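Notes for the one structure printed next.
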Protein chains: 2
Amino acid sequence: MYHKIIIVGYLGRDPEMRYAPNGQPVTSFSVASSRRYTAGDGQVVDETIWFRINVWGKQAELCNQFLSKGRRVLVEGTLIPDTATGSPRIFQRRDGTAGASFEVRATTVRFLDRKGETAEGVIPDIETAEGLSDEEGIPF
Amino acid sequence: MYHKIIIVGYLGRDPEMRYAPNGQPVTSFSVASSRRYTAGDGQVVDETIWFRINVWGKQAELCNQFLSKGRRVLVEGTLIPDTATGSPRIFQRRDGTAGASFEVRATTVRFLDRKGETAEGVIPDIETAEGLSDEEGIPF
DNA sequence: ATTTATAATT
DNA sequence: CTTTTTTTTT
């Protein structure tokens, strides 16, 4: 009866801010989260997952203002399903083929520095970062 | 560079165990994670997300042995992408339409009791459950 | 160190 | 209190 996703990754592009019919700001951006592993046959494999992040309200404005392509972020949120199926929403690509994406509604976006280092010198790992501010967790 | 998903929900069916070419056991089952919210217009909405869980090795055997339809579980794991796209894998439904699913490789599956109560009387919430055993987190 | 491309949440 | 869909990972 609950789920939560936590992502650390890099923005693939500059964020885009829009306004919902209500006037609420939404900003969207894609985050790449990669891992490298060695397969059973010794091949090194790079696996990248792309998440489409949506963030609302004041955090939308902050993300739009301060984030840009290549910036690293920690996102906490929930996956957005197709409400008809409970699965990822299917959309039509330009070439007519079907596509789907991991869409996330962010509850928190934390800005991390570019080079794997915070102002203090080391990025807190996921376990510690999870406990940080939930509402306006922007380090400015 | 990292992501993690945590799910609490109910099995929609009995699990199914298979064996990978290596002889490693894999068991798969679907978990429904629902939330109810009141939309802006006052409508009460039930949103259910379905996750397809894959669990390997010894935990596969334990899940196959002890879980069944309707059982509640806490799953910790990572989303499995289509490696070609980094997005959910698209498959063809029987009727020819495209489908996709949230596939998860579980690192931990914890069995929860049916009625929202553990043997001790209360289910630990997500925050506390996250800190529990990572390897063989089966309460037997 | 980073694509592709839809539409709008509680 | 549950579902539709395939195949197999590190």
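Since the structure is predicted, the reported quantities are computational estimates derived from the model, not experimental observations. Convention: sequence-line order gives letters A, B, ...; per-chain numbering from 1.
Atoms CD1 (B/I80) and C1' (D/dT6) sit 11 Å apart, rounded to a whole Å. Look at CG on A/D82: it is 13 Å from P on C/dA7, rounded to the nearest Å. Protein atom CD of A/E16 is 12 Å distant from nucleotide atom P of C/dT6, rounded to whole Å. To the nearest angstrom, P of C/dA7 lies 12 Å from CZ of A/R18. Here C/dA1 presents its P atom at 16 Å from CG of A/D14, a figure rounded to the nearest Å. Across the protein-nucleic acid pair, A/L79 atom CG and C/dA8 atom P stand 19 Å apart, rounded to whole Å. At whole-Å resolution of the value, NZ in B/K58 and P in D/dT9 are 23 Å apart. In this structure, CE of B/M17 is placed 20 Å from P of D/dT6, rounded to the nearest angstrom.
Listed by residue number, B/R35, B/Y37 are the residues of residues 24-37 of chain B with a heavy-atom contact under 4.0 Å to DNA chain C.
Comparing C/dT10, C/dT6, D/dT10 by their nearest atom to the side chain of A/E47 picks out D/dT10. In the set D/dT2, D/dT7, D/dT10, D/dT7 carries the atom at the smallest distance from any side-chain atom of B/E103. When distances are taken from the side chain of B/R105 to each of C/dT10, D/dT10, D/dT2, the shortest belongs to D/dT10. Distances were taken from every side-chain heavy atom of A/R13 (C-beta onward) to each of C/dA5, D/dT10, C/dA7; the shortest belongs to C/dA5.
With centres under 5.5 Å and a plane angle under 30° as the test, the ring of A/F91 is not stacked against the base of C/dT6. Stacking annotation: B/W56 is not stacked on the base of D/dT10 (requires ring centroids less than 5.5 angstrom apart and an interplanar angle below 30 degrees). Centre separation under 5.5 Å together with a plane angle under 30° does not hold for the ring of A/W50 and the six-membered base ring of C/dT4, so they are not marked as stacked.
For the pairing with B/H3, the side-chain contact (heavy atoms from CB on, under 4.5 Å) check across A/I6, A/V8, A/I5 returns one residue only, A/I5.
For B/Q92, there are no side-chain contact (heavy atoms from CB on, under 4.5 Å) partners at least two apart in sequence or on another chain. Not counting sequence neighbours, A/T78 has no partner by the side-chain hydrogen bond (donor to acceptor under 3.5 Å, both in side chains) test. Under the rule for a salt bridge (charged side-chain N to carboxylate O under 4.0 Å, His left out), the partners of B/E47 that lie at least two apart in sequence or sit in another chain are B/R35. In terms of the side-chain hydrogen bond (donor to acceptor under 3.5 Å, both in side chains) criterion, B/R13 has no residue partners (sequence neighbours excluded).
Projected onto DNA chain D by closest heavy-atom contact, B/D46 and B/Q92 fall at different nucleotides, the more 5' of which corresponds to B/D46. The residue among A/P21 and B/S87 whose nearest nucleotide of DNA chain C lies closer to the 5′ end is B/S87. Both B/G23 and B/T48 lie close to DNA chain D; mapped to their nearest nucleotides by heavy-atom distance, the more 5′-ward contact belongs to B/T48.
Residue-level contact check: A/G86 touches neither bases nor backbone, having no heavy atom under 4.0 Å from any strand.
Ion pairing of A/D14 with A/K69 is absent here, as no side-chain N (NZ or NE/NH1/NH2) approaches a carboxylate O to less than 4.0 Å.
Of all heavy-atom pairs spanning A/V104 and A/G77, the tightest one is CG1-CA, 4.2 Å.
No hydrogens or angles were tested; on distance alone, a donor-acceptor pair under 3.5 Å links the side chain of A/N22 to the base of C/dT9. With hydrogens and angles left out, the side chain of A/R52 and the base of C/dA5 share a donor-acceptor pair within 3.5 Å.
Listed by first then second residue, pairs satisfying side-chain hydrogen bond (donor to acceptor under 3.5 Å, both in side chains) with a partner in residues 21-31 of chain B read B/S28-B/N54, B/S30-B/R52, not counting sequence neighbours.
When the side-chain nitrogen and oxygen atoms of A/K69 are compared with OP1 and OP2 of C/dT3, one or more of them lie within a distance under 4.0 Å.
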